[in-house]
Amino acid sequence: MNKTEKMGCGASAARKEISSFTLPHDDPDRPGRTKLLTEYRAAYTLDFDLCDKGLPPCTLKLPCLEKDSSAVREAGAKLGGAALVKGAVVFKKVANVVGAVVDTIASAFTTITPQASKTEDERFRDALSDYYEMFSGVGEFPTPLIMDDWRSDRVFGWLRVNGVNPTLIAQCAPSAPLPMTNVSALDAKVKNLLPTSHTVATMHAAGRLFVCDYRKEMPGVMCDPKLCGLVPVVLLFLNDEKQIMPLAIELSLWPEPTPAPQDTCVFTPLDDPLTWLSAKVHVNSVDISYNTIVPHVLRTHMCMESVYISMRRNLSVRHPIHELLIENFWFTTIINDFGRKLLLVEDGPLATARSFGPKGMFQFIKNAGENVDFASFHVPSCIKKRGLADTVNLPEFYWRDDATELWGHVATFVEESLARFYVSAKDVTDDIELRDWFQEMTASRKEKRGCGFLGLSAPRTPQDVNTFVTMILYNCSAGHATVNNGQYEYFAFVPQAPGIFRMPLERMKNAIAPGGKPITLVEFVNAMPSAKEAETQTATAKILTQKSDDLLGSYRADFFKKEASSATALGKFQRSLKAMTDRIDRRQSFIKYNFLNPAQIAQGIAI
């Protein structure tokens, strides 16, 4: 496409030239632009067939522009691309490796003979030896970060702020009631856990209580009773060392806002060790299910595909926003097509290796996907809204720190890249392609008119445009890395976060009742997933955390070669990312948090 230099055409007087990338009202070849956009609109269709299941509109028929792209075939030769183009083959290959190691797990469950002379850690390692032996420490299956200390309360608290669901935790606002069914009984159960002279009420008033309320996030999601899935509310506190620690876990049979007393029970670190560990494992089991469906599959993969298809339909390839974002969407439709066919099905690994079962999985998707609030993609606002912005009193929140810094770098890059195009509010309001894109993004999906996103309003200023584009670029890269990159470290070692944990609530209630029988190690191990379930979980975690060759800040598009201001912005962005990587590499922490290290963040959603 030849570069055209021309003044005027409705452009701001501050502009010196019009390049091959222009806003529609500045394009000297508007008929040609319209014709090309019409062709793209025909090629990229919004399909609404899966909307009744809660998924945003997608493209069920891959456009030939992508399916037959030489770039796609070239990427298919790489491991990352192989997971897209030859996903089933890769999955079977990895699963076979894991399966060879775990084939004996099921028989091991019934032959455990704990030896009293051994330490607790040694007894656990013996009882769960088949799981431990899946990891060699090097090579194909390196030792996951937390495998050696997975039972500690310190690790459990750490995972709430630096795990794969760090946006779930929130401060318990002093002005709001605690979100637990039986708060009055808490003081007596946890008084020896709190800092000296403190009660639950004083900790609440001081802003030192936090909650992970899965019940709020899972309305109406019924777990399969045979799989013993429970819905937790986790209450945590900030100790005097400024560490997040668990205070109590309320487990419920049903995902109701206020479950009946007989259907719920509160557990604390003062209960017998295996009962308390079982409560934490139930939380981690739900955590892996929640991560899979809501922040990962739905909010990054499926929502961003819907954004992408709508962008292709409404923004010309000459539009600067199209050129800025296109690199972040490569392969998204392809990996999602693979996922819908092999993962989001009744006999797929998500439905068969998670405690919600097939029915619960689709219920989960539907409930979470019907009302996606786009404003929730604005990371700084969400951190503030959840009461988590205090870096002094909440210092070990590395996801928050890295996400905030990354957001700033992305926002600056976007602003400086688009500054030449959007000089005034008039440039925004005159952009008919941007207007049409927003209209389709917010139009009702039930009426089959658009993506149905909430929390979006048409931009009126250049800053509105910059914020919107930042939300998309960040979510496609750092947002996906947040919920994806830690899966191997936190989910591959199955006992720490089993997709299915068959420990009934009634058995746990009996263990803490007066005269009750404590849970035994044999019972605990027998509640773990079967060999096949464990194989599926570990293989999936391995596949989904393959490192990408195309990292955040890697651009090959002509946009940056032809636009001097954007090329300058890109160089600055890349230097900022490199400085951030150097800082994270030097950082000392309890557990290494590396998932938002720019050297680990893929440019887009391609796995």
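Contact record, Leu434 with Leu315: N-CD2, 3.9 Å, taken as the closest heavy-atom pair. Between Glu440 and Ser310 the shortest heavy-atom distance is OE1-OG, 2.9 Å. In plain terms, the two heavy atoms of Pro459 and Val428 that are nearest each other are O-CG1, 3.3 Å. The two residues Gly499 and Ile288 have their closest heavy-atom pair at CA-CG2, 4.0 Å. For the residue pair Ser285 and Pro498, the shortest heavy atom distance occurs at OG-O, 2.7 Å. For the residue pair Asp213 and Pro179, the shortest heavy atom distance occurs at OD2-CB, 3.8 Å.
In this structure, CG on Leu55 lies 12.0 Å from CG on Asp47, to the nearest 0.5 angstrom. With rounding to the nearest 0.5 angstrom, the OG1 atom of Thr467 is 7.5 Å from the CH2 atom of Trp407. Between atom OG of residue Ser381 and atom CZ of residue Arg386 there is a gap of 12.5 Å, rounded to the nearest 0.5 Å. Taking CE of Met441 as the reference point, atom CD1 of Ile472 lies at 5.0 Å (rounded to 0.5 Å). Rounded to the nearest 0.5 Å, atoms CD1 (Ile607) and NE2 (His480) are 8.0 Å apart. The line from CZ of Arg420 to CG of Leu23 is 9.0 Å long, rounded to the nearest 0.5 Å.
Looking only at distances, a side-chain donor or acceptor of Asp427 sits under 3.5 Å from a matching main-chain atom of Val423. A donor-acceptor pair under 3.5 Å links the side-chain atoms of Arg445 to the main chain of Cys451, judged by distance alone. Judged purely by atom type and a 3.5 angstrom limit, Asp29 uses its side chain to pair as donor or acceptor with the backbone of Gly32. In terms of modelled atom types and a separation under 3.5 Å, the side chain of Arg313 and the main chain of Thr45 share no donor-acceptor contact. Looking only at distances, no side-chain donor or acceptor of His296 sits under 3.5 Å from a matching main-chain atom of Tyr290. Not a single donor-acceptor pair under 3.5 Å links the side chain of Arg400 to the backbone N or O of Ile383. Under the 3.5 Å distance criterion, the side-chain polar atoms of Thr461 are left unmatched by any main-chain donor or acceptor of Ala425. Between the side chain of Thr581 and the backbone N or O of Asn597 there is no donor-acceptor pair closer than 3.5 Å. A donor-acceptor contact shorter than 3.5 Å is absent between the side chain of Glu416 and the backbone of Ala569. No side-chain donor-acceptor contact under 3.5 Å links Ser316 to the backbone of Leu37.
Between Phe468 and Trp437, the angle of the ring planes goes over 60°, which puts this pair in the perpendicular group of the 30/60° scheme. Between Phe374 and Phe377, the two ring planes are perpendicular [angle over 60°; tilted spans 30° to 60°].
Looking only at atom types and distance, the side chain of Glu405 has a donor-acceptor partner in the side chain of His409 under 3.5 Å away. A donor atom on one side chain and an acceptor atom on the other are found under 3.5 Å apart for His322 and Arg312. Between the side chains of Tyr308 and Asn328, no donor N or O sits under 3.5 Å from an acceptor N or O. There is a side-chain donor-acceptor pair under 3.5 Å between Ser376 and Arg299.
For Pro24, the side chain to side chain contact (heavy atoms under 4.5 Å, CB included) partners two or more places apart in sequence, or in a different chain, are Arg33, His319, Asp431, Ile432, Glu433. For Asp436, the side chain to side chain contact (heavy atoms under 4.5 Å, CB included) test picks out Asn314, Gln439, with sequence neighbours left out. The side chain to side chain contact (heavy atoms under 4.5 Å, CB included) search around Arg449 returns Ala443, Ser444, Glu447, not counting sequence neighbours. Here Asp337 pairs with Leu62, Arg340, Lys341 under the side chain to side chain contact (heavy atoms under 4.5 Å, CB included) rule; sequence neighbours left out.
A heavy-atom distance below 4.5 Å is found between the side chains of Leu577 and Leu406. Counting heavy atoms from C-beta outward, Pro295 and Thr300 have side chains that stay 4.5 Å or more apart. Proximity of Asn291 to Gln487: side-chain heavy atoms (C-beta onward) are separated by under 4.5 Å at one or more points. Contact annotation: the side chain of Glu217 never approaches that of Val294 to less than 4.5 Å [non-hydrogen atoms, C-beta and beyond]. Contact of the Phe595 side chain with the Asn484 side chain is not registered, since no non-hydrogen atoms from C-beta on lie closer than 4.5 Å. For the pair Ser417/Phe573, no side-chain contact is recorded, criterion being any heavy-atom separation below 4.5 Å from C-beta on. Two residues are said to be in side-chain contact when any heavy atoms from C-beta on lie closer than 4.5 Å; Tyr555 and Gln603 meet this criterion. No side-chain heavy atom of Asn466 sits less than 4.5 Å from a side-chain heavy atom of Tyr422.
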Practice problem: May I have the step-by-step check of side chain to side chain contact (heavy atoms under 4.5 Å, CB included) for Thr333 and Tyr44, ending in yes or no? | Solution: CA-CA 11 Å; Thr333 55; Tyr44 288 83; 5.7 Å; no
Exercise. Quick one: do Trp399 and Leu596 satisfy side chain to side chain contact (heavy atoms under 4.5 Å, CB included)? Show the steps, please.
Key: CA-CA 7 Å; Trp399 169 81; Leu596 284 188; 3.6 Å; yes
Practice problem: Could you walk me through whether Asp287 and Arg160 pass side chain to side chain contact (heavy atoms under 4.5 Å, CB included), step by step? | Solution: CA-CA 9 Å; Asp287 201 54; Arg160 310 287 72 84; 3.6 Å; yes
Quiz prompt | Stepwise side chain to side chain donor-acceptor pair (under 3.5 Å) check, Gln600 with Asn485 | solution = CA-CA 8 Å; Gln600 304 294 327; Asn485 288 5; 5.7 Å; no
Exercise. Could you walk me through whether Tyr490 and Asn284 pass side chain to side chain contact (heavy atoms under 4.5 Å, CB included), step by step?
Key: CA-CA 9 Å; Tyr490 295 154; Asn284 291 339; over 6 Å; no
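For the pair Lys542 and Tyr488, the distance from NZ or CZ to the six-membered ring centre is under 6.0 Å and the angle to the ring normal is within 45 degrees.
Residue pairs meeting the salt bridge (charged side-chain N to carboxylate O under 4.0 Å, His left out) criterion with at least one member in residues 469-487: none, sequence neighbours excluded. Sorted by first and then second residue, the salt bridge (charged side-chain N to carboxylate O under 4.0 Å, His left out) pairs with a member in residues 451-468 form an empty list; sequence neighbours excluded.
Counting non-hydrogen atoms of other residues, nucleotides and ligands closer than 6.0 Å to NZ of Lys216 gives a total of 12 or fewer.
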